[in-house]
Amino acid sequence: MLKLILSRAAQAIPVLLLVILITFSMVRLAPGGPFDAEKAVSPEVLENLKARYDLDKPFYLQFANYIANAAQGDLGPSFKFPNRSVNEMIASGFPVTLELAAYALLVAISVGLLAGITASLRANTWQDYLPMSAAMLGICLPSFVLGPLLVLLFGIWLEWLPVAGWGVIPGDKILPAITLGLTYAAYVARIVRGSLIETLAQDYIRTAKAKGLKPARIVLRHALPAALTPVVSFLGPAIAGLIAGSFVVETIFQIPGLGRFYIQAAFNRDYTMILGTTIFFSVLIIFFNLLADIVLAWLNPKLRFSGAES
Amino acid sequence: MTLVSPLGDSVNHQTKKPQGHSLWHDARLRLQRNKLAMFGLLFLICLVVIALLTPWIAPYNYDSQNLALGASPPSSKHWFGTDTLGRDQLTRVLFGSRISLMVGFIATSVALIIGVLWGTIAGFSGGKVDAIMMRIVDILYALPFAIFIILLTVIFGRSLLLLFLAIGAVEWMTMARIMRGQTLAIKRQEYVEAALTMGLSRWQIIRRYLIPNALGPIIVYTTLTIPSVILLESFLSFLGLGIQPPQSSWGSLISAGGETMEEYPWLLIFPGITLALTLFSLNFLGDGLRDALDPQSAKD
(Lines give C-alpha, C1' and ligand atoms only; values in the text may rest on other atoms or scores of the structure.)
Protein backbone atom coordinates (compact mmCIF):
# COMPACT_ATOMS: atom_id res chain seq x y z
CA MET A 1 0.00 0.00 0.00
CA LEU A 2 2.73 2.44 0.99
CA LYS A 3 4.70 1.38 -2.07
CA LEU A 4 1.71 2.21 -4.25
CA ILE A 5 1.28 5.64 -2.69
CA LEU A 6 4.96 6.43 -3.06
CA SER A 7 5.17 5.28 -6.66
CA ARG A 8 2.08 7.31 -7.62
CA ALA A 9 3.41 10.37 -5.80
CA ALA A 10 6.76 10.01 -7.55
CA GLN A 11 4.95 9.93 -10.90
CA ALA A 12 3.10 13.12 -10.04
CA ILE A 13 6.23 15.24 -9.59
CA PRO A 14 7.50 15.17 -13.21
CA VAL A 15 3.94 15.82 -14.41
CA LEU A 16 3.77 18.87 -12.20
CA LEU A 17 7.14 20.14 -13.38
CA LEU A 18 6.01 19.70 -16.97
CA VAL A 19 2.85 21.69 -16.28
CA ILE A 20 4.86 24.50 -14.74
CA LEU A 21 7.35 24.50 -17.62
CA ILE A 22 4.60 24.62 -20.28
CA THR A 23 2.60 27.30 -18.49
CA PHE A 24 5.66 29.35 -17.71
CA SER A 25 7.01 29.25 -21.27
CA MET A 26 3.60 30.07 -22.72
CA VAL A 27 3.25 33.09 -20.50
CA ARG A 28 6.82 34.27 -21.15
CA LEU A 29 6.70 33.70 -24.89
CA ALA A 30 3.39 35.50 -25.27
CA PRO A 31 3.56 38.26 -27.88
CA GLY A 32 3.81 41.69 -26.27
CA GLY A 33 5.27 42.38 -22.86
CA PRO A 34 2.97 42.85 -19.89
CA PHE A 35 3.77 46.57 -19.69
CA ASP A 36 3.36 47.38 -23.39
CA ALA A 37 -0.26 48.30 -23.37
CA GLU A 38 -0.10 50.56 -20.34
CA LYS A 39 0.66 54.25 -20.58
CA ALA A 40 4.24 54.93 -21.67
CA VAL A 41 6.72 54.79 -18.81
CA SER A 42 10.25 56.13 -18.64
CA PRO A 43 13.07 53.67 -19.40
CA GLU A 44 14.25 53.70 -15.78
CA VAL A 45 10.85 52.79 -14.46
CA LEU A 46 10.61 50.04 -17.04
CA GLU A 47 13.97 48.67 -15.93
CA ASN A 48 12.85 48.70 -12.33
CA LEU A 49 9.62 46.99 -13.22
CA LYS A 50 11.47 44.33 -15.18
CA ALA A 51 13.87 43.77 -12.31
CA ARG A 52 10.98 43.38 -9.90
CA TYR A 53 9.38 40.72 -12.05
CA ASP A 54 12.70 39.07 -12.99
CA LEU A 55 12.19 39.90 -16.68
CA ASP A 56 15.77 41.17 -17.18
CA LYS A 57 17.28 37.73 -16.66
CA PRO A 58 17.60 34.92 -19.23
CA PHE A 59 14.71 32.49 -19.54
CA TYR A 60 16.28 29.51 -17.76
CA LEU A 61 17.21 31.68 -14.77
CA GLN A 62 13.70 33.08 -14.61
CA PHE A 63 12.33 29.56 -14.65
CA ALA A 64 14.76 28.28 -12.02
CA ASN A 65 13.94 31.24 -9.79
CA TYR A 66 10.24 30.71 -10.23
CA ILE A 67 10.47 27.00 -9.40
CA ALA A 68 12.62 27.71 -6.36
CA ASN A 69 10.15 30.27 -5.09
CA ALA A 70 7.11 28.15 -5.94
CA ALA A 71 8.61 25.18 -4.11
CA GLN A 72 8.73 27.38 -1.03
CA GLY A 73 5.12 28.34 -1.62
CA ASP A 74 5.76 31.83 -2.99
CA LEU A 75 4.05 32.48 -6.31
CA GLY A 76 5.27 36.06 -6.66
CA PRO A 77 3.49 39.40 -6.93
CA SER A 78 0.48 40.08 -9.12
CA PHE A 79 1.14 41.98 -12.35
CA LYS A 80 -2.09 43.91 -12.15
CA PHE A 81 -2.22 44.74 -8.47
CA PRO A 82 1.45 45.20 -7.51
CA ASN A 83 0.66 45.55 -3.83
CA ARG A 84 -1.05 42.14 -3.70
CA SER A 85 0.70 38.82 -4.05
CA VAL A 86 -0.69 35.83 -5.90
CA ASN A 87 -0.55 33.93 -2.62
CA GLU A 88 -2.87 36.43 -0.95
CA MET A 89 -5.38 36.21 -3.77
CA ILE A 90 -5.37 32.42 -3.68
CA ALA A 91 -5.67 32.49 0.11
CA SER A 92 -8.72 34.72 -0.07
CA GLY A 93 -10.43 32.95 -2.98
CA PHE A 94 -9.68 29.30 -2.45
CA PRO A 95 -11.57 28.68 0.82
CA VAL A 96 -14.72 29.95 -0.87
CA THR A 97 -14.23 27.72 -3.91
CA LEU A 98 -13.42 24.76 -1.69
CA GLU A 99 -16.60 25.25 0.33
CA LEU A 100 -18.66 25.54 -2.86
CA ALA A 101 -17.04 22.39 -4.30
CA ALA A 102 -17.61 20.49 -1.06
CA TYR A 103 -21.34 21.32 -1.05
CA ALA A 104 -21.55 20.46 -4.73
CA LEU A 105 -19.90 17.09 -4.10
CA LEU A 106 -22.34 16.49 -1.28
CA VAL A 107 -25.23 17.16 -3.65
CA ALA A 108 -23.64 15.01 -6.34
CA ILE A 109 -23.01 12.01 -4.09
CA SER A 110 -26.25 12.06 -2.11
CA VAL A 111 -28.59 12.73 -5.02
CA GLY A 112 -26.58 10.51 -7.35
CA LEU A 113 -26.46 7.54 -4.97
CA LEU A 114 -30.13 7.80 -4.12
CA ALA A 115 -31.21 8.00 -7.75
CA GLY A 116 -28.78 5.30 -8.85
CA ILE A 117 -29.80 2.83 -6.13
CA THR A 118 -33.52 3.41 -6.73
CA ALA A 119 -33.10 2.97 -10.47
CA SER A 120 -31.04 -0.22 -10.19
CA LEU A 121 -33.41 -1.87 -7.70
CA ARG A 122 -36.40 -1.12 -9.91
CA ALA A 123 -34.60 -1.61 -13.21
CA ASN A 124 -36.74 -1.09 -16.32
CA THR A 125 -39.75 0.30 -14.48
CA TRP A 126 -40.83 3.94 -14.30
CA GLN A 127 -38.77 4.28 -11.10
CA ASP A 128 -35.77 3.51 -13.28
CA TYR A 129 -36.71 5.52 -16.36
CA LEU A 130 -37.69 8.68 -14.48
CA PRO A 131 -34.43 9.23 -12.56
CA MET A 132 -32.37 8.11 -15.55
CA SER A 133 -34.11 10.54 -17.93
CA ALA A 134 -33.55 13.25 -15.35
CA ALA A 135 -29.89 12.23 -15.24
CA MET A 136 -29.61 12.50 -19.02
CA LEU A 137 -31.17 15.96 -18.74
CA GLY A 138 -28.67 16.85 -16.03
CA ILE A 139 -25.76 15.78 -18.20
CA CYS A 140 -26.97 17.65 -21.27
CA LEU A 141 -27.93 20.86 -19.47
CA PRO A 142 -24.65 22.67 -18.85
CA SER A 143 -24.24 24.59 -15.62
CA PHE A 144 -24.34 27.95 -17.40
CA VAL A 145 -27.85 27.13 -18.67
CA LEU A 146 -29.03 25.33 -15.54
CA GLY A 147 -27.77 28.05 -13.18
CA PRO A 148 -29.60 31.00 -14.74
CA LEU A 149 -32.74 28.86 -15.18
CA LEU A 150 -32.68 27.89 -11.47
CA VAL A 151 -32.18 31.53 -10.53
CA LEU A 152 -35.07 32.51 -12.76
CA LEU A 153 -37.36 29.86 -11.25
CA PHE A 154 -36.46 29.86 -7.55
CA GLY A 155 -34.94 33.30 -7.20
CA ILE A 156 -37.06 35.56 -9.36
CA TRP A 157 -40.41 33.90 -10.06
CA LEU A 158 -40.95 31.94 -6.82
CA GLU A 159 -38.72 34.18 -4.70
CA TRP A 160 -37.76 31.26 -2.46
CA LEU A 161 -33.99 31.69 -2.57
CA PRO A 162 -31.53 34.56 -3.01
CA VAL A 163 -30.36 35.10 -6.59
CA ALA A 164 -26.68 35.80 -5.88
CA GLY A 165 -24.04 36.23 -3.20
CA TRP A 166 -22.17 33.95 -0.87
CA GLY A 167 -22.66 33.90 2.86
CA VAL A 168 -24.50 37.22 2.87
CA ILE A 169 -28.14 36.19 3.02
CA PRO A 170 -29.14 32.86 4.61
CA GLY A 171 -29.76 30.26 1.91
CA ASP A 172 -27.66 31.92 -0.76
CA LYS A 173 -25.34 28.91 -0.88
CA ILE A 174 -28.09 26.52 -1.91
CA LEU A 175 -28.53 27.43 -5.57
CA PRO A 176 -24.79 27.57 -6.39
CA ALA A 177 -24.21 24.18 -4.76
CA ILE A 178 -27.12 22.63 -6.66
CA THR A 179 -26.05 24.23 -9.95
CA LEU A 180 -22.53 22.90 -9.64
CA GLY A 181 -23.48 19.54 -8.16
CA LEU A 182 -26.41 18.39 -10.30
CA THR A 183 -24.35 17.50 -13.39
CA TYR A 184 -22.13 15.28 -11.27
CA ALA A 185 -25.15 13.82 -9.49
CA ALA A 186 -26.38 12.80 -12.93
CA TYR A 187 -23.10 11.07 -13.79
CA VAL A 188 -22.93 9.39 -10.38
CA ALA A 189 -26.51 8.14 -10.75
CA ARG A 190 -25.75 6.59 -14.14
CA ILE A 191 -22.55 4.97 -12.93
CA VAL A 192 -24.13 3.63 -9.71
CA ARG A 193 -27.07 2.21 -11.60
CA GLY A 194 -24.95 0.38 -14.15
CA SER A 195 -22.49 -0.95 -11.65
CA LEU A 196 -25.08 -1.94 -9.05
CA ILE A 197 -27.18 -3.86 -11.58
CA GLU A 198 -24.07 -5.80 -12.50
CA THR A 199 -23.11 -6.43 -8.87
CA LEU A 200 -26.61 -7.52 -7.87
CA ALA A 201 -26.41 -10.29 -10.46
CA GLN A 202 -23.34 -11.82 -8.79
CA ASP A 203 -23.39 -15.19 -7.08
CA TYR A 204 -22.47 -13.87 -3.65
CA ILE A 205 -25.54 -11.67 -3.64
CA ARG A 206 -27.65 -14.73 -4.32
CA THR A 207 -25.89 -16.44 -1.41
CA ALA A 208 -26.68 -13.49 0.82
CA LYS A 209 -30.33 -13.67 -0.23
CA ALA A 210 -30.37 -17.42 0.41
CA LYS A 211 -29.01 -16.78 3.90
CA GLY A 212 -32.14 -14.73 4.48
CA LEU A 213 -30.49 -11.33 4.92
CA LYS A 214 -32.70 -8.28 4.78
CA PRO A 215 -32.78 -6.67 1.31
CA ALA A 216 -31.55 -3.34 2.71
CA ARG A 217 -28.56 -5.03 4.28
CA ILE A 218 -27.75 -6.91 1.10
CA VAL A 219 -27.73 -3.70 -0.93
CA LEU A 220 -25.97 -1.44 1.55
CA ARG A 221 -23.50 -3.85 3.10
CA HIS A 222 -22.75 -6.35 0.35
CA ALA A 223 -23.50 -4.85 -3.05
CA LEU A 224 -22.86 -1.14 -2.69
CA PRO A 225 -19.20 -1.20 -1.58
CA ALA A 226 -18.33 -3.35 -4.57
CA ALA A 227 -20.38 -1.15 -6.86
CA LEU A 228 -18.73 2.06 -5.66
CA THR A 229 -15.36 1.47 -7.30
CA PRO A 230 -16.28 3.13 -10.62
CA VAL A 231 -17.81 6.06 -8.72
CA VAL A 232 -14.54 6.70 -6.92
CA SER A 233 -12.53 6.47 -10.11
CA PHE A 234 -14.96 8.95 -11.65
CA LEU A 235 -14.78 11.39 -8.75
CA GLY A 236 -11.00 11.85 -8.92
CA PRO A 237 -10.95 13.32 -12.43
CA ALA A 238 -14.32 14.98 -11.77
CA ILE A 239 -12.50 17.39 -9.47
CA ALA A 240 -10.99 18.97 -12.59
CA GLY A 241 -14.46 19.43 -14.01
CA LEU A 242 -15.70 20.78 -10.72
CA ILE A 243 -13.01 23.47 -10.80
CA ALA A 244 -13.93 24.46 -14.36
CA GLY A 245 -17.57 24.43 -13.29
CA SER A 246 -16.79 26.71 -10.37
CA PHE A 247 -15.63 29.35 -12.89
CA VAL A 248 -19.13 29.43 -14.34
CA VAL A 249 -21.04 29.13 -11.08
CA GLU A 250 -18.97 31.79 -9.36
CA THR A 251 -19.57 34.09 -12.33
CA ILE A 252 -23.33 33.50 -12.32
CA PHE A 253 -23.79 33.93 -8.58
CA GLN A 254 -21.07 36.57 -8.12
CA ILE A 255 -19.18 34.47 -5.60
CA PRO A 256 -15.74 35.84 -4.66
CA GLY A 257 -13.95 32.53 -5.22
CA LEU A 258 -10.77 31.55 -6.95
CA GLY A 259 -12.53 30.75 -10.22
CA ARG A 260 -13.87 34.28 -10.50
CA PHE A 261 -10.40 35.69 -9.75
CA TYR A 262 -8.99 33.46 -12.46
CA ILE A 263 -11.43 34.72 -15.08
CA GLN A 264 -10.78 38.31 -14.03
CA ALA A 265 -7.04 37.67 -14.26
CA ALA A 266 -7.60 36.28 -17.75
CA PHE A 267 -9.40 39.47 -18.76
CA ASN A 268 -6.78 41.68 -17.12
CA ARG A 269 -3.92 39.68 -18.65
CA ASP A 270 -2.52 39.39 -15.15
CA TYR A 271 0.18 36.90 -16.17
CA THR A 272 1.64 36.04 -12.77
CA MET A 273 -1.83 35.52 -11.32
CA ILE A 274 -2.76 33.20 -14.20
CA LEU A 275 0.51 31.34 -13.92
CA GLY A 276 0.22 30.93 -10.17
CA THR A 277 -3.41 29.89 -10.25
CA THR A 278 -2.86 27.41 -13.07
CA ILE A 279 -0.10 25.77 -11.09
CA PHE A 280 -2.25 25.77 -7.97
CA PHE A 281 -5.16 24.14 -9.85
CA SER A 282 -2.80 21.58 -11.38
CA VAL A 283 -1.47 20.61 -7.97
CA LEU A 284 -5.04 20.21 -6.75
CA ILE A 285 -6.09 18.07 -9.68
CA ILE A 286 -3.02 15.87 -9.51
CA PHE A 287 -3.51 15.52 -5.76
CA PHE A 288 -7.13 14.46 -6.10
CA ASN A 289 -6.29 11.98 -8.83
CA LEU A 290 -3.69 10.53 -6.49
CA LEU A 291 -6.22 10.41 -3.68
CA ALA A 292 -8.73 8.63 -5.92
CA ASP A 293 -6.06 6.06 -6.86
CA ILE A 294 -5.31 5.41 -3.21
CA VAL A 295 -8.96 5.09 -2.21
CA LEU A 296 -9.47 2.72 -5.13
CA ALA A 297 -6.60 0.56 -3.96
CA TRP A 298 -8.07 0.58 -0.47
CA LEU A 299 -11.51 -0.41 -1.79
CA ASN A 300 -10.20 -3.08 -4.12
CA PRO A 301 -7.65 -5.51 -2.66
CA LYS A 302 -6.77 -6.76 -6.15
CA LEU A 303 -5.33 -3.35 -7.04
CA ARG A 304 -3.59 -3.02 -3.70
CA PHE A 305 -1.11 -5.73 -4.57
CA SER A 306 -0.80 -5.52 -8.32
CA GLY A 307 -1.44 -1.82 -8.92
CA ALA A 308 2.03 -0.64 -7.98
CA GLU A 309 3.54 -1.92 -11.21
CA SER A 310 0.94 -0.87 -13.72
CA MET B 1 -17.33 -4.05 -42.90
CA THR B 2 -16.31 -5.54 -46.21
CA LEU B 3 -14.92 -9.00 -46.29
CA VAL B 4 -11.47 -8.81 -47.77
CA SER B 5 -9.03 -11.58 -48.63
CA PRO B 6 -5.39 -11.10 -47.68
CA LEU B 7 -4.55 -10.35 -51.28
CA GLY B 8 -6.83 -7.44 -51.25
CA ASP B 9 -9.56 -8.22 -53.75
CA SER B 10 -12.95 -7.70 -52.29
CA VAL B 11 -14.82 -10.95 -51.96
CA ASN B 12 -18.34 -10.02 -51.10
CA HIS B 13 -18.97 -8.29 -54.41
CA GLN B 14 -18.42 -11.45 -56.40
CA THR B 15 -20.33 -13.84 -54.15
CA LYS B 16 -23.81 -12.43 -54.26
CA LYS B 17 -25.76 -13.97 -51.45
CA PRO B 18 -29.41 -13.02 -51.77
CA GLN B 19 -30.09 -12.56 -48.04
CA GLY B 20 -26.67 -11.30 -47.09
CA HIS B 21 -26.91 -8.97 -44.12
CA SER B 22 -23.85 -6.84 -43.68
CA LEU B 23 -22.84 -5.47 -40.33
CA TRP B 24 -23.84 -1.99 -41.49
CA HIS B 25 -27.26 -3.23 -42.53
CA ASP B 26 -27.85 -4.77 -39.09
CA ALA B 27 -26.55 -1.68 -37.41
CA ARG B 28 -28.93 0.51 -39.38
CA LEU B 29 -31.87 -1.66 -38.37
CA ARG B 30 -30.83 -1.52 -34.72
CA LEU B 31 -30.46 2.24 -34.91
CA GLN B 32 -33.84 2.70 -36.56
CA ARG B 33 -35.47 0.81 -33.71
CA ASN B 34 -34.03 3.32 -31.23
CA LYS B 35 -36.60 6.12 -31.22
CA LEU B 36 -34.56 8.59 -29.15
CA ALA B 37 -31.56 8.21 -31.41
CA MET B 38 -33.72 8.67 -34.51
CA PHE B 39 -35.27 11.77 -32.98
CA GLY B 40 -31.77 13.05 -32.31
CA LEU B 41 -30.69 12.34 -35.89
CA LEU B 42 -33.77 14.08 -37.30
CA PHE B 43 -33.28 17.12 -35.08
CA LEU B 44 -29.62 17.36 -36.03
CA ILE B 45 -30.32 17.06 -39.76
CA CYS B 46 -32.91 19.85 -39.49
CA LEU B 47 -30.52 21.96 -37.43
CA VAL B 48 -27.62 21.53 -39.84
CA VAL B 49 -29.78 22.29 -42.89
CA ILE B 50 -31.25 25.39 -41.24
CA ALA B 51 -27.82 26.52 -40.08
CA LEU B 52 -26.39 26.12 -43.59
CA LEU B 53 -29.26 28.07 -45.14
CA THR B 54 -29.41 30.72 -42.42
CA PRO B 55 -28.01 33.63 -44.45
CA TRP B 56 -30.86 33.15 -46.94
CA ILE B 57 -33.76 32.09 -44.72
CA ALA B 58 -33.17 34.13 -41.56
CA PRO B 59 -36.18 36.40 -41.10
CA TYR B 60 -34.11 39.49 -40.29
CA ASN B 61 -30.64 40.82 -40.74
CA TYR B 62 -28.16 39.50 -38.21
CA ASP B 63 -27.22 42.83 -36.63
CA SER B 64 -29.99 45.12 -37.81
CA GLN B 65 -31.13 46.99 -34.73
CA ASN B 66 -34.52 48.40 -33.92
CA LEU B 67 -33.93 50.61 -30.94
CA ALA B 68 -37.47 51.92 -31.01
CA LEU B 69 -38.76 48.39 -30.49
CA GLY B 70 -36.16 47.38 -27.87
CA ALA B 71 -36.65 44.09 -26.08
CA SER B 72 -39.99 42.58 -26.95
CA PRO B 73 -41.43 39.21 -25.92
CA PRO B 74 -42.00 36.47 -28.52
CA SER B 75 -44.62 37.46 -31.07
CA SER B 76 -45.78 36.44 -34.53
CA LYS B 77 -43.23 38.82 -36.05
CA HIS B 78 -40.34 37.80 -33.79
CA TRP B 79 -40.81 34.16 -32.76
CA PHE B 80 -38.06 34.21 -30.15
CA GLY B 81 -38.61 37.87 -29.24
CA THR B 82 -36.03 40.63 -29.63
CA ASP B 83 -33.06 41.64 -27.51
CA THR B 84 -32.41 44.98 -25.83
CA LEU B 85 -31.18 46.49 -29.11
CA GLY B 86 -34.26 45.26 -30.92
CA ARG B 87 -32.39 42.53 -32.79
CA ASP B 88 -34.41 39.46 -33.71
CA GLN B 89 -33.47 36.69 -31.27
CA LEU B 90 -34.39 33.85 -33.65
CA THR B 91 -31.96 35.24 -36.23
CA ARG B 92 -29.26 35.54 -33.62
CA VAL B 93 -29.82 31.99 -32.38
CA LEU B 94 -29.64 30.73 -35.98
CA PHE B 95 -26.40 32.56 -36.66
CA GLY B 96 -25.10 31.37 -33.31
CA SER B 97 -25.85 27.79 -34.30
CA ARG B 98 -23.61 28.24 -37.37
CA ILE B 99 -20.69 29.17 -35.13
CA SER B 100 -21.39 26.53 -32.50
CA LEU B 101 -21.83 23.75 -35.06
CA MET B 102 -18.79 24.86 -37.03
CA VAL B 103 -16.64 24.80 -33.91
CA GLY B 104 -18.18 21.43 -33.04
CA PHE B 105 -17.37 19.82 -36.39
CA ILE B 106 -13.99 21.39 -37.09
CA ALA B 107 -12.55 20.96 -33.60
CA THR B 108 -13.84 17.38 -33.54
CA SER B 109 -12.12 16.72 -36.87
CA VAL B 110 -8.86 18.05 -35.46
CA ALA B 111 -9.27 15.78 -32.44
CA LEU B 112 -10.21 12.86 -34.67
CA ILE B 113 -7.14 13.18 -36.90
CA ILE B 114 -4.67 13.57 -34.03
CA GLY B 115 -6.27 10.82 -31.98
CA VAL B 116 -6.55 8.25 -34.76
CA LEU B 117 -2.97 8.80 -35.95
CA TRP B 118 -1.56 8.78 -32.43
CA GLY B 119 -3.41 5.66 -31.35
CA THR B 120 -2.69 3.74 -34.55
CA ILE B 121 1.00 4.57 -34.53
CA ALA B 122 1.32 3.67 -30.85
CA GLY B 123 -0.59 0.42 -31.25
CA PHE B 124 1.28 -0.67 -34.34
CA SER B 125 4.74 0.25 -33.13
CA GLY B 126 4.37 -1.51 -29.79
CA GLY B 127 7.21 -1.79 -27.31
CA LYS B 128 8.94 1.34 -26.10
CA VAL B 129 7.36 3.70 -28.62
CA ASP B 130 3.91 2.55 -27.54
CA ALA B 131 4.78 2.86 -23.85
CA ILE B 132 6.11 6.39 -24.25
CA MET B 133 3.27 7.57 -26.46
CA MET B 134 0.58 6.25 -24.14
CA ARG B 135 2.40 7.59 -21.10
CA ILE B 136 2.20 11.05 -22.69
CA VAL B 137 -1.54 10.57 -23.08
CA ASP B 138 -1.80 9.53 -19.42
CA ILE B 139 0.08 12.64 -18.35
CA LEU B 140 -2.01 14.94 -20.52
CA TYR B 141 -5.18 13.37 -19.13
CA ALA B 142 -4.23 14.62 -15.68
CA LEU B 143 -3.94 18.26 -16.78
CA PRO B 144 -6.57 20.90 -16.13
CA PHE B 145 -7.59 21.56 -19.71
CA ALA B 146 -10.34 24.10 -19.32
CA ILE B 147 -7.71 26.17 -17.55
CA PHE B 148 -5.16 25.64 -20.31
CA ILE B 149 -7.55 26.77 -22.99
CA ILE B 150 -8.29 29.90 -21.01
CA LEU B 151 -4.55 30.45 -20.73
CA LEU B 152 -4.18 30.02 -24.51
CA THR B 153 -6.93 32.53 -25.22
CA VAL B 154 -5.28 35.03 -22.88
CA ILE B 155 -1.88 34.70 -24.49
CA PHE B 156 -2.72 34.42 -28.18
CA GLY B 157 -5.86 36.50 -28.26
CA ARG B 158 -9.38 35.29 -28.85
CA SER B 159 -9.54 34.02 -32.39
CA LEU B 160 -11.83 31.41 -33.91
CA LEU B 161 -8.90 29.48 -35.39
CA LEU B 162 -7.21 29.21 -32.02
CA LEU B 163 -10.46 27.98 -30.54
CA PHE B 164 -10.61 25.15 -33.11
CA LEU B 165 -7.03 24.12 -32.52
CA ALA B 166 -7.10 24.45 -28.75
CA ILE B 167 -10.31 22.48 -28.31
CA GLY B 168 -9.17 19.87 -30.83
CA ALA B 169 -5.86 19.53 -29.06
CA VAL B 170 -7.67 18.78 -25.83
CA GLU B 171 -10.22 16.26 -27.01
CA TRP B 172 -8.05 13.81 -28.97
CA MET B 173 -6.79 11.67 -26.11
CA THR B 174 -9.75 9.37 -25.61
CA MET B 175 -9.78 8.74 -29.36
CA ALA B 176 -6.09 7.82 -29.21
CA ARG B 177 -6.78 5.29 -26.45
CA ILE B 178 -9.67 3.75 -28.36
CA MET B 179 -7.63 3.49 -31.56
CA ARG B 180 -4.70 1.92 -29.76
CA GLY B 181 -7.00 -0.69 -28.24
CA GLN B 182 -8.47 -1.45 -31.65
CA THR B 183 -5.05 -1.66 -33.25
CA LEU B 184 -3.74 -4.04 -30.61
CA ALA B 185 -6.83 -6.24 -30.90
CA ILE B 186 -6.59 -6.42 -34.67
CA LYS B 187 -2.86 -6.92 -34.71
CA ARG B 188 -3.34 -10.15 -32.78
CA GLN B 189 -5.85 -11.58 -35.27
CA GLU B 190 -4.61 -14.58 -37.18
CA TYR B 191 -5.68 -13.24 -40.55
CA VAL B 192 -3.55 -10.17 -39.97
CA GLU B 193 -0.58 -12.35 -39.07
CA ALA B 194 -1.26 -14.29 -42.24
CA ALA B 195 -1.35 -11.07 -44.21
CA LEU B 196 1.92 -9.94 -42.66
CA THR B 197 3.48 -13.28 -43.57
CA MET B 198 2.32 -12.81 -47.14
CA GLY B 199 4.24 -9.58 -47.23
CA LEU B 200 1.61 -6.88 -46.95
CA SER B 201 3.02 -3.62 -45.71
CA ARG B 202 1.81 -2.04 -42.51
CA TRP B 203 0.06 0.70 -44.40
CA GLN B 204 -1.86 -1.86 -46.45
CA ILE B 205 -2.87 -3.63 -43.28
CA ILE B 206 -4.02 -0.40 -41.70
CA ARG B 207 -6.07 0.45 -44.77
CA ARG B 208 -7.60 -2.95 -45.38
CA TYR B 209 -8.16 -4.33 -41.89
CA LEU B 210 -7.73 -1.73 -39.24
CA ILE B 211 -9.77 1.14 -40.64
CA PRO B 212 -12.80 -0.93 -41.66
CA ASN B 213 -12.78 -2.71 -38.30
CA ALA B 214 -12.27 0.38 -36.21
CA LEU B 215 -14.76 2.50 -38.14
CA GLY B 216 -17.62 1.66 -35.77
CA PRO B 217 -15.93 2.87 -32.58
CA ILE B 218 -14.54 5.89 -34.46
CA ILE B 219 -18.01 6.95 -35.60
CA VAL B 220 -19.49 6.39 -32.15
CA TYR B 221 -16.82 8.31 -30.36
CA THR B 222 -16.82 11.15 -32.90
CA THR B 223 -20.56 11.58 -32.33
CA LEU B 224 -19.96 11.74 -28.60
CA THR B 225 -17.04 14.18 -28.96
CA ILE B 226 -19.05 16.81 -30.86
CA PRO B 227 -21.32 17.65 -27.89
CA SER B 228 -18.42 18.00 -25.50
CA VAL B 229 -16.67 20.29 -27.99
CA ILE B 230 -19.79 22.42 -28.43
CA LEU B 231 -20.12 22.54 -24.66
CA LEU B 232 -16.52 23.64 -24.26
CA GLU B 233 -16.94 26.43 -26.82
CA SER B 234 -20.16 27.60 -25.16
CA PHE B 235 -18.42 27.50 -21.80
CA LEU B 236 -15.65 29.77 -23.07
CA SER B 237 -18.06 32.10 -24.84
CA PHE B 238 -20.22 32.25 -21.73
CA LEU B 239 -17.21 33.44 -19.76
CA GLY B 240 -16.49 35.99 -22.51
CA LEU B 241 -13.28 34.24 -23.61
CA GLY B 242 -14.57 32.53 -26.75
CA ILE B 243 -16.51 34.05 -29.63
CA GLN B 244 -16.26 37.85 -29.60
CA PRO B 245 -18.99 40.33 -30.57
CA PRO B 246 -20.49 41.13 -33.01
CA GLN B 247 -20.35 37.39 -33.72
CA SER B 248 -22.42 35.32 -31.38
CA SER B 249 -22.54 31.67 -30.40
CA TRP B 250 -25.03 29.95 -28.13
CA GLY B 251 -22.71 30.45 -25.19
CA SER B 252 -22.45 34.20 -25.62
CA LEU B 253 -26.22 34.50 -26.22
CA ILE B 254 -26.87 32.56 -22.99
CA SER B 255 -24.43 34.79 -21.16
CA ALA B 256 -26.12 37.94 -22.47
CA GLY B 257 -29.55 36.46 -21.75
CA GLY B 258 -28.54 35.59 -18.20
CA GLU B 259 -27.72 39.20 -17.48
CA THR B 260 -31.17 40.46 -18.39
CA MET B 261 -33.25 37.41 -17.51
CA GLU B 262 -35.16 39.19 -14.80
CA GLU B 263 -36.84 41.50 -17.32
CA TYR B 264 -36.46 39.49 -20.54
CA PRO B 265 -36.36 35.76 -19.71
CA TRP B 266 -36.90 34.75 -23.36
CA LEU B 267 -33.41 35.97 -24.21
CA LEU B 268 -32.04 33.23 -21.93
CA ILE B 269 -34.59 30.51 -22.47
CA PHE B 270 -34.48 30.15 -26.27
CA PRO B 271 -30.72 29.85 -26.75
CA GLY B 272 -30.59 27.63 -23.64
CA ILE B 273 -33.22 25.26 -25.03
CA THR B 274 -31.56 25.17 -28.46
CA LEU B 275 -28.19 24.28 -26.93
CA ALA B 276 -29.69 21.68 -24.58
CA LEU B 277 -31.71 20.05 -27.39
CA THR B 278 -28.63 19.86 -29.59
CA LEU B 279 -26.55 18.29 -26.83
CA PHE B 280 -29.42 15.88 -26.07
CA SER B 281 -29.69 14.84 -29.69
CA LEU B 282 -25.98 14.29 -30.13
CA ASN B 283 -25.74 12.26 -26.92
CA PHE B 284 -28.78 10.13 -27.79
CA LEU B 285 -27.51 9.58 -31.30
CA GLY B 286 -24.08 8.66 -29.96
CA ASP B 287 -25.55 6.20 -27.45
CA GLY B 288 -27.79 4.75 -30.14
CA LEU B 289 -24.88 4.36 -32.54
CA ARG B 290 -22.88 2.62 -29.83
CA ASP B 291 -25.70 0.17 -29.22
CA ALA B 292 -26.05 -0.37 -32.96
CA LEU B 293 -22.42 -0.64 -34.00
CA ASP B 294 -20.81 -2.10 -30.92
CA PRO B 295 -23.42 -4.18 -29.08
CA GLN B 296 -20.85 -5.76 -26.78
CA SER B 297 -19.70 -2.52 -25.25
CA ALA B 298 -23.20 -1.20 -24.69
CA LYS B 299 -23.63 -2.29 -21.13
CA ASP B 300 -24.83 0.72 -19.19
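Since this is a predicted model, take the numbers as computed values, not measurements. Proteins come first, then strands; the chains are lettered A, B, ... in the order of their sequence lines, and each starts at number 1.
Contacts between A:I252 and chain B at a heavy-atom distance below 4.5 Å involve the side chain alone, from C-beta outward. Contact of B:L275 with chain A is made through the side chain alone, with heavy-atom distances under 4.5 Å. Both the backbone and the side chain of B:L239 have a heavy atom closer than 4.5 Å to some heavy atom of chain A. The parts of B:L231 that come within reach of chain A are both its backbone and its side chain, each placing non-hydrogen atoms under 4.5 angstrom from that chain. Using a 4.5 Å cut-off between heavy atoms, A:S143 does not touch chain B at all.
Contact count versus chain A (heavy atoms, under 4.5 Å) is highest, among B:G257, B:P227, B:S234, for B:S234. When each of A:W157, A:F144, A:Y262 is checked for heavy-atom pairs under 4.5 Å with chain B, A:F144 comes out on top. Of the residues considered (A:I263, A:L16, A:L146, A:T251), A:I263 shows the highest number of contacts with chain B, using heavy-atom pairs under 4.5 Å. Contacts with chain B were tallied for A:L275, A:I274, A:L141; A:I274 has the most, counting heavy-atom pairs under 4.5 Å.
Listed here is the closest heavy atom pair of B:P265 and A:L152: CB-CD2, 3.7 Å.
Once rounded to the nearest 0.5 Å, the distance linking CD1 of B:I150 with OG1 of A:T278 reads 8.5 Å.
Chain A is approached within less than 4.5 Å, heavy atom to heavy atom, by B:L279, B:F280, B:N283, B:F284 from residues 279-286 of chain B, ordered by number.
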